[in-house]
Undergrad: 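One structure, as C-alpha cells, below. Some questions next.
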Amino acid sequence: MKHKFNVVKVGSTTVGGGPFSVWAGPCSVESQEQFSLTARKVKEQGGAGLRGGLYKLRTDPRAFQGLGREAFEFVRAVKKDVGLPFVSEITDARQIGDFLDVVDAFQVGSRNMHNYALLKELSQIDKPILLKRGFAATFKEWMLAVDYLAKGGNEKIILCERGIRTFETATRNTFDINAIALTKQETPFPILADPSHGTGIAALVTPIALAAAAAGADGLLVEVHPNPPEAKSDGYQSLNFAQFEDLMHKLPKVLTALDRKMATV
Ligand code: PEP
Ligand code: MN
C-alpha cells in the first residue's frame, strides 16, 4: 500500500477506511412527504446518509430548478427524525452561509467540478466536500480539482464517480469502473460510486452498484424515489423502494466475499 486511506467524518458517520456507506435519497427534494418517506426507507434499509437536491442545475431552463430555501426547515426536521446526515449540491458560492446549517457535506456536481472559484470558496470551510467527477473530465483533471480544495486547506474530500460522456449513447453516461480502482491505487481519498447518473437506467443501477463495491468503492450515492414515474427530476434512473430493498439485500453478500462490511451510522 503506497498511502494511508483517509476517513472523512460526516455528521454522525464516517466515509472511507473500510466500511461501505450507502448515501441514498431523491434526485430532488420535492416535498416534505416525499423526502420524509424516502428518508425513512433509507434508514430502515441500513443507509448511512441521505442525499437530495435543493438547488438543481438543469440542462433545460424550463425544468424544475429545486425548492431551494423553501425546503430547508423540513429537511432539518426529516434529518432529525431519521438521525442520518445529509448531503446536497451547492450550485453557487452565495449559498454557503445558508447551507452550513442544513447539510453535513457539500456536494459539488459534475457541472461544477471545473468551477475553480467555487472550489476555492469551499476550500475555506470546515465541512466535507463530495466532489463529483466532471462528465468530460479526465482522472488527472479531477485530481487537480481535488488540489484546489486540499491546497486551499480543506482535506475532508470524498470523491464520486458518476459516469463520463463517451461515444456510447445507449446509456446516459458510461460508468468508469477503472476510476474506482485507480482512486484506491493512487489516492488516499474515499470514493463513492453513483450508478444512478452513471447509467441513467434504474434497472442497471443495482448491477453497477455491486460491481463498484467489488472494485473497491467506499460506498454509493444512489437515487431513490417513492414513485419514480412522478419524479420532478431523474425518475427514469431512480430506484423505487422495492428496487432499493433488493440492492440493500444484495450488497452485503458482495461485501462479505471481500471481507468488508456495511457502514453504521
Ligand atoms: C445529482 O446528484 O442529482 C446530480 C445532479 O449529479 P451530477 O452532478 O453528477 O450530474
Ligand atoms: Mn439526479
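Counting starts at 1 for both ligands and their atoms, in listed order.
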Undergrad: With side chains defined as the heavy atoms from C-beta onward, is the minimum distance between Asn178 and Phe139 less than 4.5 Å?
TA: no
Undergrad: Nearest 10° is fine: what angle sits at the Mn ion (ligand 2) between NE2 from His197 and OD2 from Asp234?
TA: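 Answer comes to 90°, rounded to 10°.
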Undergrad: What are the atoms of ligand 1, with element, lying closer than 4.0 Å to any heavy atom of Lys56?
TA: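 Checking each atom against Lys56, I get 1 (C), 3 (O), 5 (C).
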Undergrad: Would Glu223 count as a contact of ligand 1 if the rule is a heavy atom under 4.0 Å away?
TA: yes
Undergrad: Linking I/L/V/M/F/W/Y whenever any side-chain heavy atoms sit under 4.5 Å apart, do Val108 and Trp23 land together?
TA: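 In one cluster with Val108: Trp23, no.
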Undergrad: Could you identify the N, O or S atom of Glu223 positioned closest to the Mn ion (ligand 2)?
TA: OE2
Undergrad: Could you check atom 8 (O) of ligand 1 against the protein and tell me its nearest heavy-atom contact, residue, atom and distance included?
TA: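 Protein heavy atom with the smallest distance to atom 8 (O) of ligand 1: Ser110 N, 2.7 Å.
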Undergrad: Counting each atom of ligand 1 from 1 as listed, which ones have a heavy atom of Arg162 under 4.0 Å away?
TA: 7 (P), 9 (O), 10 (O)
Undergrad: Could you tell me the residue and atom name of the protein heavy atom closest to atom 7 (P) of ligand 1, and the distance to it rounded to 0.1 Å?
TA: Lys132 NZ, 3.5 Å
Undergrad: Does a side-chain N-to-carboxylate-O contact under 4.0 Å join Asp81 and Lys43?
TA: no
Undergrad: State the atoms of ligand 1, each with its element, that fall below the 4.0 Å cut-off from a heavy-atom position in Gly109.
TA: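 Answer for ligand 1: 8 (O).
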Undergrad: Within the structure, is a non-hydrogen atom of Cys27 found at a distance of less than 4.0 Å from ligand 1?
TA: yes
Undergrad: Hey, is Lys41 close enough to Glu44 for a salt bridge, meaning N to O under 4.0 Å?
TA: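 Answer for the salt bridge query: yes.
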Undergrad: What protein heavy atom sits nearest atom 2 (O) of ligand 1, and how far away is it?
TA: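 Residue, atom and distance for the closest contact: Arg51 NH1, 2.7 Å.
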Undergrad: So Val15 and Val7, do their side chains get closer than 4.5 Å, heavy atoms only?
TA: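 Not touching, per the 4.5 Å side-chain cut-off.
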Undergrad: Check whether any N or O atom of Gln107, backbone or side chain, sits under 3.5 Å from an N or O atom of ligand 1, and answer yes or no.
TA: yes
Undergrad: Decide, yes or no, whether a salt bridge links Glu141 with Arg133 under the criterion of side-chain N to carboxylate O below 4.0 Å.
TA: no
Undergrad: Tell me, do Leu119 and Leu131 make a side-chain contact under 4.5 Å, heavy atoms counted?
TA: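 Yes - at least one pair of side-chain heavy atoms lies under 4.5 Å apart.
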Undergrad: Does ligand 1 come near enough to Asp234 that some N or O of the ligand is less than 3.5 Å from an N or O of the residue?
TA: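 No; the residue has no nitrogen or oxygen that sits under 3.5 Å from a nitrogen or oxygen of the ligand.
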Undergrad: Would you say ligand 1 has an N or O under 3.5 Å from any N or O of Glu89?
TA: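 The answer is no, given that Glu89 and ligand 1 share no N or O pair closer than 3.5 Å.
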Undergrad: Give the cluster check for Leu221 versus Val75: same hydrophobic cluster or not, with ILVMFWY residues linked at side-chain heavy-atom distances below 4.5 Å.
TA: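 Not linked; separate clusters.
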Undergrad: Give the intermediate values and the outcome of side-chain hydrogen bond (donor to acceptor under 3.5 Å, both in side chains) for residues His197 and Asp234.
TA: CA-CA 8 Å; His197 296 86; Asp234 289 354; 2.9 Å; yes
Undergrad: Among all the protein's non-hydrogen atoms, which is closest to atom 1 (C) of ligand 1, and how far away is it?
TA: His197 CE1, 3.2 Å
